[in-house]
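Contents: one structure, followed by commentary.
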Amino acid sequence: MKTKTTPSAKPRKKSTPAKAAPAVESSAPEVLGATQANGEPSAGVGARLRYVRELHGLSQRELARRAGLNHGTIGCIEKETISPSVGSLRKILDSLPMMLSEFFSLDPDIETQVFFRRDELLDVGAGGISLLQVGRNLTGRPLQILLERYAPGAETAAQPYSHEGEEGGVVIQGQVEVTVGGVAKVLGAGDGYLFSSRLPHRFRNVGDDEAVVVSANTPPL
DNA sequence: TAATGTCTGTTCCGCTAACG
DNA sequence: CGTTAGCGGAACAGACATTA
């Protein structure tokens, strides 16, 4: 259909930028396929890239310009006719900006989901604490909503910890000792809290029954 | 008409097998 | 073990097709 009228007479680069980036290269072929490291099927790199690009309102050419790649390469990646090297993908994501881990945690099918059934909540908790997150992927979102369940005696950490952000919530059931900035308070059903996450804080179920808290965190932990 | 996406042909690089 | 040729694939430039 389309014929290339003149063979490329321009001198080509001795090495492509992607392959010249030593920080991300290894001797083994390092390309990115359509499955995650854990082997689970996932949206392909192409679908993810298209999703992220459109999320940022960029055309293939604009994204290519920012990343220092050819627009045809972006198109091929999105159509999954090629698997980008880690170097190339990194350049693309750096131009957005986005981390590789964020990119591969994206699920374009879920990102647009508005309503979540109970069994669709993602449990991000551990150690006697169930933290059911609304939405499986919060990339690009400033807010995290959790349904927290604490087994009797369960605590978020042995020592209070701090981090950037704000958090607040309401105790639905049970007795939860909330320690913020060295001040401890036992909250019961209907009680709430709101504080800067920069203050050292800790949660502990001091009751005999399971404690339930609905909380909001920004940014997501 | 400009912007955008797709396609084709070419070049270069890395891997692998064959060979000395 | 080192070298070399062949092969596959990433990335490129540029042209064509589509759409607003």
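For the numbers below, each heavy atom of this structure counts, side chains included, while hydrogens, waters and symmetry mates do not. In what follows, every chain begins at residue 1, and chains take the letters A, B, ... in the order their sequences are listed. Bear in mind the structure is a predicted one, so any value in this text is a computation, not a measurement.
A straight line from CG of A:Asn70 to P of B:dT11 spans 16 Å, rounded to a whole angstrom. As a whole-Å value, the separation of A:Ile74 CD1 from C:dA13 C1' is 15 Å. Whole-Å rounding puts the A:Leu69 CG to C:dA10 P distance at 14 Å. Distance CD (A:Gln60) to P (C:dT19): 15 Å, rounded to an integer number of Å. Taking atom CD of residue A:Glu78 and atom P of nucleotide B:dT6, one finds them 7 Å apart after rounding to whole Å. Rounding to whole angstrom units, NE2 of residue A:His71 and C1' of C:dC12 are separated by 10 Å. Put simply, CG on A:Leu89 is 13 Å from C1' on C:dA10, counting in whole angstrom units. Protein atom CD of A:Glu62 is 11 Å distant from nucleotide atom P of B:dG5, rounded to whole Å.
If you check every strand for non-hydrogen atoms under 4.0 Å, A:Gly72 touches a base.
Considering every non-hydrogen atom in both A:Val214 and A:Leu147, the closest pair reads CG2-CD1, 3.8 Å.
Applying the under-4.5 Å side-chain rule to Ile, Leu, Val, Met, Phe, Trp and Tyr, the cluster around A:Val186 extends to A:Val206.
With distances taken from any side-chain atom of A:Arg61 to the nucleotides C:dA13, C:dA11, B:dT6, the minimum falls on B:dT6.
Sorted by first and then second residue, the pairs that involve residues 172-187 of chain A and meet side chain to side chain donor-acceptor pair (under 3.5 Å), not counting sequence neighbours, are A:Glu177-A:Arg204.
Side-chain atoms of A:Ser215 and A:Glu148 form a donor-acceptor pair, as typed in the model, at a separation below 3.5 Å.
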